[in-house]
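Please read the structure below before turning to the comments.
These numbers come from a predicted model, not from an experiment. Chain identifiers are assigned alphabetically (A, B, ...) following the order of the sequence lines, protein sequences preceding nucleic acid strands; residue numbering begins at 1 within each chain.
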Number of protein chains: 2
Amino acid sequence: MKRDEAEISSSAVTENSGTGTLGKALAVLETVVTSDKPLRFSDILAVSGQPRGTLHRQLAHLVEEGLLTQGRDLCYEPGLRLLKFAYRSWSRNQFRAVAAPHLRRLHEETGETVHLGVLRGTEIIYVDKVESRQTVRMESQIGNASPVYCTGLGKAALSVLPPDRLAETLGKLTFHRFTANTHLSTASLKRDLDEARLRGYAFDREEHETEIRCVAAPIHDAGFGLVAGISVTGPAYRVTMEQLEIWAHAVRQAAMAISEDVEIRMGPGR
Amino acid sequence: MKRDEAEISSSAVTENSGTGTLGKALAVLETVVTSDKPLRFSDILAVSGQPRGTLHRQLAHLVEEGLLTQGRDLCYEPGLRLLKFAYRSWSRNQFRAVAAPHLRRLHEETGETVHLGVLRGTEIIYVDKVESRQTVRMESQIGNASPVYCTGLGKAALSVLPPDRLAETLGKLTFHRFTANTHLSTASLKRDLDEARLRGYAFDREEHETEIRCVAAPIHDAGFGLVAGISVTGPAYRVTMEQLEIWAHAVRQAAMAISEDVEIRMGPGR
DNA sequence: ATCGTCGTTCCATTATGTGGAACTACCTCT
DNA sequence: AGAGGTAGTTCCACATAATGGAACGACGAT
């Protein structure tokens, strides 16, 4: 049995101890892929904290496997194979398929953008989206990851986490000020979560982006023991806090409907 | 030195020997992700050819890393982390960004669906797409992979491959009859490629899907030493072979324009 | 010409993954 | 119920494959 592994929440780098080689390779891959600009060998070296030789071989392997590409300028970039994996993982996502009609309905009711996101570690990963203006290409949000502490979806998801998992997650957070309203401490975040838990839904009061507000409701067991959420998002000039309060009910309804459908379609229990 | 390994182009070139652990893990991941239905442990065991213990640990690692998920029915499915990787790899794809305006222009000229694809092994991976009806969500084609031998893009890409790489690729092919027109031997495929090479563009004469035709032109060095292609695709009732011939010029133009832009924007020469 | 930086290669050491076999849980058949 | 299967999981001696320090080669700046 994994003994104290679950215990360690705050300190330690974690992440790589359990999965050995694979974990380290993926850590490297992730730094390259999630970086905003192309990285050179040394850039990665500085972050990874691994010896030169080791890192070099890891990168070589990643390139050989098609997960990374190396251009003529020696910069590493995400490779094509990732795309292939991605397409499959999205199109075959059961949860998304089950939730889709509810997203659409919620969009029709509100007229604003609807998001479906899943909690993963300290991030919310956007799994689906319905938008008024159908510019919904992959470049939208799908697959994108945002911090939990400054998004409606993130806070909704956190609000239904069992205390131990919540504590663990909170411990791993590092705050970054996106706007004037962004939570910057676990203390203030916790208060917000308590409110959200009572209400059954969470707000984003321009905490991630100015002029963007959102109301989100948690989806408890989204199959596979995942915690997810659904949200309605809109520009502040059009979407007041009062408006969000009004929509909150519908959002909660949708979230519960999805939970039920998941229960039915993906088998009970667990 | 590995003597005859390099010689044998047709069978088993690398794939798993070079990248050690990582390669094996990815092979497992790929079988799960590219499968059309959820796989159980034994299903994977049968395909992977690895001993039970080994495979079990590999899967455990993949799950722990979030690349796979295991449902209550013990079926393995693509995990969320893949989505995250995917989003980044697509949105940061230089080549796609450079080509995008040309795709759009070609679409305006023809009114039909335009695809951008990159050659990877024996597959074409769709990197971008412009469609009339803007239902272009990720579920479209992006990230999807199709065999080279039955797609316009595939044949266009093959037609500009240097002889050795072409031979290598052809050797790795296994044919599958998609329609009555699908190439089923390297011989007939080669003849087709020879014609395509002379013309500068390739056709798909309902070889992958009945009632779907396409004309495609190769893009030689799409940065990173990649070989790619651009194509116009449409339903047979609307798009005759004569029509394709007419569009062929525009498609070639677009392909060459992209090549040039890549040259400029991504630095010269390799 | 000299130093410093950056990417790449090498190789003895050892941590890590390997895989055969044993174990458990859960079905199905009689 | 009991016997026989099948499918998933765990264990551990062994060997492979990753490690990382150090040396090398290639540029570019001083």
Separation of atom [atom1] in [X] from atom [atom2] in [N], rounded to whole Å:
| X | N | atom1 | atom2 | result |
| --- | --- | --- | --- | --- |
| A:His56 | C:dC10 | NE2 | P | 11 Å |
| B:Asp43 | D:dA7 | CG | C1' | 11 Å |
| A:Glu65 | D:dA17 | CD | P | 14 Å |
| B:His61 | D:dT10 | NE2 | C1' | 14 Å |
| B:Gln58 | D:dT9 | CD | P | 14 Å |
| A:Leu59 | C:dT9 | CG | C1' | 15 Å |

Legend entry - For DNA chain D, the residues among residues 25-41 of chain B that have a non-hydrogen atom under 4.0 Å from it: B:Arg40, B:Phe41
Inset, instruction - May I ask you to say what A:Leu74 touches in the nucleic acid, namely base, sugar-phosphate or nothing, with a heavy-atom cut-off under 4.0 Å? - result: sugar-phosphate
What pairs of nitrogen or oxygen atoms, one from the protein and one from nucleotides 11-16 of chain C, lie under 3.5 Å apart?
| residue | atom | partner | partner atom | Å |
| --- | --- | --- | --- | --- |
| C:dT16 | O3' | A:Thr21 | OG1 | 3.2 |

Taking side chain to side chain contact (heavy atoms under 4.5 Å, CB included) as the test, write out the residues that go with [X], two or more places apart.
| X | answer |
| --- | --- |
| B:Pro162 | B:Asp164, B:Arg165 |
| A:Val28 | A:Ile44, A:Gln50, A:Leu55, A:Gln58, A:Leu59, A:Leu62 |
| B:Leu74 | B:Gln70 |
| B:Ala254 | B:Leu106, B:Ile230 |

Legend entry - By side chain to side chain donor-acceptor pair (under 3.5 Å) - contacts of A:His56 (at least two apart): none
Inset, instruction - Report yes if the side chains of A:Val118 and B:Leu83 come closer than 4.5 Å at any heavy-atom pair, otherwise no. - result: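 The answer is no, as the side chains (C-beta and beyond) never meet within the 4.5 Å cut-off.
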Inset, instruction - State, yes or no, whether a side-chain contact exists between A:Leu45 and A:Arg52 at a heavy-atom distance under 4.5 Å. - result: yes
Under the rule for ring-ring contact (aromatic ring centres under 6.0 Å, His included), what residues qualify as partners of [X], not counting sequence neighbours?
| X | result |
| --- | --- |
| A:His102 | none |
| B:Tyr149 | B:Phe175 |
| B:Tyr126 | B:His115 |

Inset, instruction - Please list, by residue number, the residues of residues 46-55 of chain A whose heavy atoms come closer than 4.0 Å to an atom of DNA chain C; answer none if no residue qualifies. - result: A:Arg52, A:Gly53
Legend entry - Nucleotide nearest B:Arg57 (side chain, heavy atoms from C-beta), chosen from D:dT19, C:dT18, D:dA18: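 So the nucleotide nearest the side chain must be C:dT18.
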Inset, instruction - Kindly state each residue pair satisfying side-chain hydrogen bond (donor to acceptor under 3.5 Å, both in side chains) with at least one member in residues 30-48 of chain B, sequence neighbours excluded. - result: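 Of all non-adjacent pairs touching residues 30-48 of chain B, those that pass side-chain hydrogen bond (donor to acceptor under 3.5 Å, both in side chains) are A:Arg81-B:Glu30, A:Lys84-B:Glu30.
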Legend entry - Contact nearer the 5' end of DNA chain C, comparing A:Tyr76 with A:Leu22: A:Tyr76
Legend entry - Under-4.0 Å side-chain N/O to phosphate OP1/OP2 contact, B:Gln70 with D:dG8: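 False: B:Gln70 side-chain N/O out of range (4.0 Å or more) of D:dG8 OP1/OP2.
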